[in-house]
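Predicted, not measured: the structure shown is a model, and the values here were computed from it. Letters A, B, ... mirror the listed sequences (proteins, then strands); counts begin at 1.
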2 protein chains.
Amino acid sequence: MRISTRSRYGLRLMLSLAGNFKKGYMLLKDIARHEEISEKYLSLIVIPLRKAGLLVSSRGANGGYSLSKPPSEISLKEIIEPLEGDLDVIECIKGKEICDKSSTCPSHDIWALLGGRIADFLDSITLEDLLKMQKEKAAGLLEYII
Amino acid sequence: MRISTRSRYGLRLMLSLAGNFKKGYMLLKDIARHEEISEKYLSLIVIPLRKAGLLVSSRGANGGYSLSKPPSEISLKEIIEPLEGDLDVIECIKGKEICDKSSTCPSHDIWALLGGRIADFLDSITLEDLLKMQKEKAAGLLEYII
DNA sequence: TATTATTACTATTAATTTAGTAGTAATTAT
DNA sequence: ATAATTACTACTAAATTAATAGTAATAATA
C-alpha cells in the first residue's frame with residue numbers, strides 16, 4: 001500500500017515548480033540537485049506530467065520546465081494519477097476483470113470505494129495548499145529558533 | 001498504490017470465516033478450494049491474522065480456523081494492517097526517517113494524512129457490513145434472474 | 001499407540017514491479 | 001557551429017511480492 005517514489009519525487013518536482021511559478025523556466029538539473037534526486041530519473045518522471053498537461057517545457061539553452069497553470073488549479077490527484085497509472089487499489093476495478101466474482105464479491109466493492117476515497121482526498125488538495133503549508137512550517141521553525 | 005494479494009486473499013478468508021461464525025472450525029483446505037486460492041499460500045496469510053488475535057485455530061483432526069470474535073467486532077483495518085505491515089503510504093512516517101526533510105517537507109504531511117484517511121475508512125467497516133453487502137448483492141442477482 | 005488429518009514454521013524459488021542508468025536524438029539560443 | 005537543454009528508447013539492477021516445498025507439532029480416533 002505504498003506510494004511509489006515516482007509519485008513522491010514527482011510531487012516534490014511539481015512543488016518546486018509551484019514555488020517558482022511565473023518566474024520563468026526551471027532547469028531539471030537544478031531541481032534534481034536541490035531535491036537530491038537523480039536528474040536522469042527525474043527526466044523520466046517529467047514525461048507523464050507533461051503529457052497530462054501539467055507543465056510546459058522548452059528545449060535547448062535557456063529552456064526548462066514550468067507549470068502550465070497556477071498552483072491553485074493543480075490538485076494532487078492530477079499529479080499522482082498519471083504517475084501511479086491510476087488510483088485504484090486493485091487491478092480488477094475497471095473491466096480488466098482479473099476476477100470473475102465481482103458481481104457477488106463485496107470485497108471488490110470495498111476496494112473500489114477505497115480507491116474513490118483516496119482520489120477524493122488527493123483532489124481536495126492543491127499545490128497552492130502545499131506551498132502554504134511549506135511557508136507555515138518554515139515560519140514555525142524560525143519561531144522555534146528565535 | 002495497489003493493495004497486495006495477501007491482503008485481498010486475507011480479507012476473503014476472513015469473510016468466509018465470518019459467514020461460518022459460531023458454526024465451528026473451517027478447514028483451510030475448504031476455504032482455499034472455494035476461494036480458488038493456493039492452500040499453501042493461504043496458510044502463510046493466516047499466521048499474522050492469528051497473531052493479531054483475529055482468529056483461533058486447532059490442529060489435527062477436526063481442527064481448523066474460526067473467528068475469535070463476532071464479525072461485527074472485526075474491522076477491515078484490523079485485518080489489513082497486519083497483512084500490509086502498516087497502513088502508511090510512505091516509509092518515513094514513523095521515525096524510520098529515510099528522509100531528513102520531514103520538518104520542512106509538506107509532502108511528508110500529506111502522505112501521513114492520506115495514510116490516516118485510509119486507516120479511518122477501513123476502520124469504519126466491519127466484517128458484518130461485508131456479510132450484509134454480500135447478502136444484498138446475492139438478493140439483487142436473484143431478483144434479476146427471476 | 002500407530003495412523004491420519006490438520007495447523008505451524010522455515011527456507012527457497014519464481015515472478016513481477018520499481019528504481020535507476022546509459023546513450024542518442026531533437027531542439028533552441030547564441 | 002556549438003553548447004545547453006529536453007525527449008525518447010532500451011537496458012540493468014534491486015527490491016518486493018507471490019508462490020512452492022518440506023518438515024515439525026498437535027490432536028482425534030481406531
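Straight-line distance from the CG atom of L83(A) to the C1' atom of dT17(C): 16 Å, rounded to whole Å. What separates CD1 of I90(B) from P of dT18(C) is a distance of 17 Å, to the nearest Å. Rounded to whole Å, atom P of dT7(C) lies 11 Å from atom OH of Y25(B). Rounded to whole Å, atom P of dT17(C) lies 16 Å from atom CD1 of I3(B). For the pair Y65(B) OH and dT6(C) P, the computed distance is 12 Å after rounding to whole Å.
Between K51(A) and G63(A), the residue anchored closer to the 5' end of DNA chain D is G63(A), taking for each the nucleotide with the nearest heavy atom. Residues I47(A) and L27(A) both approach DNA chain D. Their nearest nucleotides, taken by heavy-atom distance, put L27(A) toward the 5′ side. Along DNA chain C, the nucleotide nearest G60(A) and the nucleotide nearest R6(A) are compared for position; the residue whose nucleotide lies closer to the 5' end is R6(A).
Hydrophobic clustering, defined by side-chain heavy atoms of Ile, Leu, Val, Met, Phe, Trp and Tyr closer than 4.5 Å, groups Y25(A) together with V56(A).
Overall, the helix from dT1(C)-dA30(D) to dT30(C)-dA1(D) carries an axis bend of 10° between its ends, with five pairs at each end and the value rounded to 10°.
A continuous path of ILVMFWY side-chain contacts below 4.5 Å connects I125(A) to L11(A), so both sit in one hydrophobic cluster. Put simply, L54(B) and L27(B) are part of two different groups of oily side chains (I, L, V, M, F, W, Y) that touch within less than 4.5 Å, one to the next.
Between I37(A) and T5(A) the shortest side-chain heavy-atom distance does not fall below 4.5 Å. The shortest distance between side-chain heavy atoms of I118(B) and V89(A) does not fall below 4.5 Å. Side-chain contact between L76(A) and F121(A): absent, with no pair of heavy atoms (C-beta onward) separated by less than 4.5 Å.
Phosphate proximity of dC9(C) to R50(B): present, with a side-chain N or O under 4.0 Å from OP1 or OP2.
Salt bridge R12(B)/E35(B): present, at least one basic N to carboxylate O contact under 4.0 Å. Of the charged side-chain nitrogens involved, at least one lies within less than 4.0 Å of a carboxylate oxygen, so that K69(A) and E78(A) count as a salt-bridged pair.
One side chain, E84(B) or S4(B), offers a donor N or O that lies under 3.5 Å from an acceptor on the other.
Here side chain to side chain donor-acceptor pair (under 3.5 Å) pairs that include residues 113-123 of chain B, with residues two or more places apart or in two chains, are S75(B)-D123(B).
A search for salt bridge (Lys or Arg N to Asp or Glu O under 4.0 Å) contacts involving D109(B) returns K137(A), not counting sequence neighbours.
Taken residue by residue, residues 38-45 of chain A places heavy atoms nearer than 4.0 Å to DNA chain C at S38(A), K40(A), Y41(A), L44(A).
Read 5' to 3', the first and last nucleotides of DNA chain D with an atom closer than 4.0 Å to a heavy atom of chain B are dA18(D) to dT29(D).
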